[in-house]
Each structure stands twice: as structure tokens, then as C-alpha cells.
2 protein chains.
Amino acid sequence: MPDEPYFIREEKLEVSRSQGNAEAAVEPLQLGKRVREIRLGQNLTLEEASKRTGLARSTLSKIENEQISPTFSAVSKLVKGLGIDIPQLFTQPKQSNGASGRRDITRSGEGTPHPTPTYEHELLATQLTNKRMVPFKTVVHARAFDEYPEWVRHDGEEFLYVLKGSLLFYTEFYEPIELFAGDSAYYDCEMGHALVSTSEEDAEVLWVTA
Amino acid sequence: MPDEPYFIREEKLEVSRSQGNAEAAVEPLQLGKRVREIRLGQNLTLEEASKRTGLARSTLSKIENEQISPTFSAVSKLVKGLGIDIPQLFTQPKQSNGASGRRDITRSGEGTPHPTPTYEHELLATQLTNKRMVPFKTVVHARAFDEYPEWVRHDGEEFLYVLKGSLLFYTEFYEPIELFAGDSAYYDCEMGHALVSTSEEDAEVLWVTA
DNA sequence: TGCAAATGTTTCCAATAGGAAATTTTTGTT
DNA sequence: AACAAAAATTTCCTATTGGAAACATTTGCA
């Protein structure tokens, strides 16, 4: 079972989801569909997308139709060329449709899970693509700073809000500071950062990246 | 735009989203290096990592030594099997490069108050300027939709998370929907929107605009 | 030191990704 | 409807990936 990542498995049963949004059926993520949505969302033809990404028209077609599994190099080109938000690729699709009247509701606990040894992420609003922000709720499993092999660093800015419990907020250029429920922080993600729970129960935080 | 809260307007959102530029240097070096760091950080041998990810020992070795560019399928297995934080894989650690090491902590209740008839905002992280996002916590005083003279509309996108209580989320193009603590929403702000508390106590929400 | 087990690398080859061009499908126009 | 142009898919081929096993290196221990 741990063989195929859950979001790639193709023939998996369709978990039907309650709630309005009609038609449910959370299809396991199909990278191709995702890419196609994003491309069409930008009104690009394969030819144009090809120019932007440097990938052949035929290759793009095959990727979108799930006929091949692109190499990391190809995915990188896609990401750069189409300005794709990385987490988008790893989260559920779902049509969001044009104009600026988009809306995506995520019920408590119904986000897309993404566990790591130190954090347990729950990605929110994953049905919308092309978002400026990436929101997710996280349970902080880490109990000591040395559980992190290295600083977490990436592009952009991050807003952090402590929902439950307390934690130590480590950053590369500042002293660690303890945060409690209701506290928040805003910081540049290029600066190494890491969280460590200090409360009895693992702390819970809300994170938004842009 | 009518009704745009001034604090959003003033915040100078410099949302610089790099859109697709052709060609571009791809293959952010050292995917392999990062994988190795992460694996060693977890004290795993290639053999163990192989079991966890379902990739052959030799394949892992080649990935780590940058001898091959793994397929998306392989990368996915890596991510799932080793619990890798996705953005970490696609971005460079970029060491001291960052002049950007800003950080702003806001203690619970210590934000900058900004009351209106319907909302009571508390602006967070106000010490930092030039942010991409504007986070604020809000108590929803409104008890009926008609307390709003007109739709609230402004530029950008908004993420909403219900901290306490329950409320009705009115939007211009959708049916109103009731949200409870823990629920969240992501929407385009050009679409009229408004909140109305339905719980005994005024609902509290966290808002992030970009 | 010597040797065995464990870990990591390389080789070989079958499977498959990616590009160019041919083919098919869709779209728009008269 | 018929045709042309645009867009997407498929074909064919070469280059590259990924797995099994051989090979090499390191580690641990007597």
C-alpha cells in the first residue's frame, strides 16, 4: 500500500463527499487533469504552453492525458513556465471556473491531509487553483528542535496563527520565542523556521503562505 | 471599489507573482542533495528508504547523486515515503542570500483595533510593512444581512477561518452558507461578501487578504 | 589486522519518457 | 455543409529512467 502515493493511485474508490458542491467524488489527484485546468485557466494552447515551458507540444499532451509520468525536470519546467503553485500539484483538483467569483469552502477536518514526521498538515481550499495564498492547518508533532534535520526554508512570506496549545517558534535569525493560542507571527520564509510543541497536547496552528 | 477597508488598501500589496517566462533555468540543482539530507536526517539507509518509498535502492542512489531526473511518480513516492515537505523539494535553501529575515510577533489581543459597525477588526503584524498578506482577527457584530448597506467588495483574494461561534457567509454569487468553528473559506474579494453571526456570542474569524 | 555484514555505487537491460512530424479532431468562416 | 486553420492527439523513434544484480566501499567486531 505505501507503494503508490494516494494521490496518484488511479483506480481508487471514489470517496463521495457530502455538501453542496455537487458531484463530489474526490478523484485521486491526476496530475494531468490538474495541468490541463491550469493551462486552460490561463487560456493557453498547447503550443503556447510549449513555448513557455520548453516542453514539446506532444509531451504536454501526453502529460495532460496521463500517458506518461513526467520527469522531475519536466515538472519543474511546468511549474516555472506556467507559474504553478507547487502544492497545487499535490492536492485535489476540482473545477473552479473562470471569472473572479470563485469560492471554496472547507469544512473542519475535511482538508487534504499531508503528513510529515514533524508536522501533520491539512491543506485547505484545495479545490481552487491559481490562488495567491496557500492556507493549511497543522498539528505540530515535533517535540524537540533536533527533530528537524535542517531549517525549513522556501520562498515567500508566511503568516502563522496558534489555534491550540503552545509552541516554540524557532527562526534562524532570532531567539526562539514561545507562542500561545491566539498569538500570531508573520515572517519571511527564506529565513529558516521550525515549530516545536510545548503544550501537553500537540499544538495546532493555522498557516498561510504567499 | 466600494467599501474597501482602508487598511487593506494602504498596505501596498506588492503581489509579485512571477508568471511563466519561457526557457528559464530549470532543474533547481540538488534535488538529490536535498533528498540525501532528508534521508540521513531520518537516519535511514538506502535499503530502508527503499522499503518506505517503493523505489529501488539503486534508483535512490542515482537520484541522490543526480544521475537521473526522477519521474513525477518517483518524486511522489519519495514525498509520501519520506514525509517530505513539498515546498522544500522545489526550492533552494538559499543561504545568507536573504536580506529578508523579517519577523513580527503579535500577542493575542495585542493587535491594532479597527472597529466598524458590523465588524470589529484587530489588525495583526502591523509592525511589518510591504507585506504580501494582510492578516486580521475579527469579531462579527452583524446579526442580520441588512445591516450591510451594500456588498463589501475589494481587490484580491481572501482566506477566512472561523475561530469561534458560527456565522452565515453571504456571497454575491452563491447561496449563503453557515460556517462553524474550524471551517474555512477562500474566495475572490471582487465578489460581494459579508458575514453575520448566528451563534449566541458574536463569531470570531481570522482573515487573511492578498 | 582480517573478515563478514551492511551500505552504497555501477552495470546492464527492459520499460518508458520526450521530441519531431504525421494524423486526427475541433473551431471558425463563408 | 464544406473547407481552411488551429489545436490536440498519436505515431515513430531515440534518449533516459528504473530495477535487479553485480560490484565496491565502509563499518563493526573479534
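Just the heavy atoms: all of them, side chains too, but no hydrogens, waters or symmetry mates, feed the values below. Labels below follow one simple rule: chain letters A, B, ... track the order of the sequence lines, proteins then strands, and each chain is numbered from 1.
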Quantified as the angle between the terminal helix axes (five pairs each), what is the overall bend of the helix from C:dT1-D:dA30 to C:dT30-D:dA1 to 10 degrees? 30°
Nearest whole angstrom, please: distance from the C1' of C:dT16 to the CD1 of A:Ile63. 13 Å
May I ask you to decide if the ring planes of A:His121 and A:Phe136 are parallel, tilted or perpendicular, using 30° and 60° as cut-offs? perpendicular
Rounded to whole angstrom units, what separation is found between the CG atom of B:Leu60 and the C1' atom of D:dG19? 11 Å
Does A:Arg103 make a cation-pi contact with B:Tyr174 (under 6.0 Å, within 45 degrees of the axis)? yes
Quickly, which of A:Tyr119, A:Phe145, A:Tyr170 forms a side-chain contact (heavy atoms from CB on, under 4.5 Å) with A:Leu195? Name it, please. A:Tyr119
For residues B:Glu158 and B:Tyr186, is any side-chain donor paired with an opposing acceptor at under 3.5 Å? no
Distance-only donor-acceptor check, side chains A:Thr71 and B:Thr71, under 3.5 Å: no
To the nearest Å, how far apart are A:Lys51 NZ and C:dA20 P? 13 Å
Rounded to the nearest Å, what distance is computed from the CD1 atom of residue B:Ile68 to the P atom of nucleotide D:dT17? 6 Å
Would you say D:dG18 has OP1 or OP2 under 4.0 Å from some side-chain N or O of B:Thr71? yes
Per-nt protein contacts along nucleotides 5-12 of chain D (heavy atom under 4.0 Å; B base, S backbone sugar-phosphate only, - none) come out as --SBBBBB
How are the rings of B:Trp207 and B:His193 set to each other: parallel, tilted or perpendicular (split at 30° and 60°)? perpendicular
Do B:Glu178 and B:Thr198 have side-chain N/O donor and acceptor atoms under 3.5 Å apart? yes
So, A:Glu147 and A:Thr118: side-chain donor and acceptor under 3.5 Å apart, yes or no? no
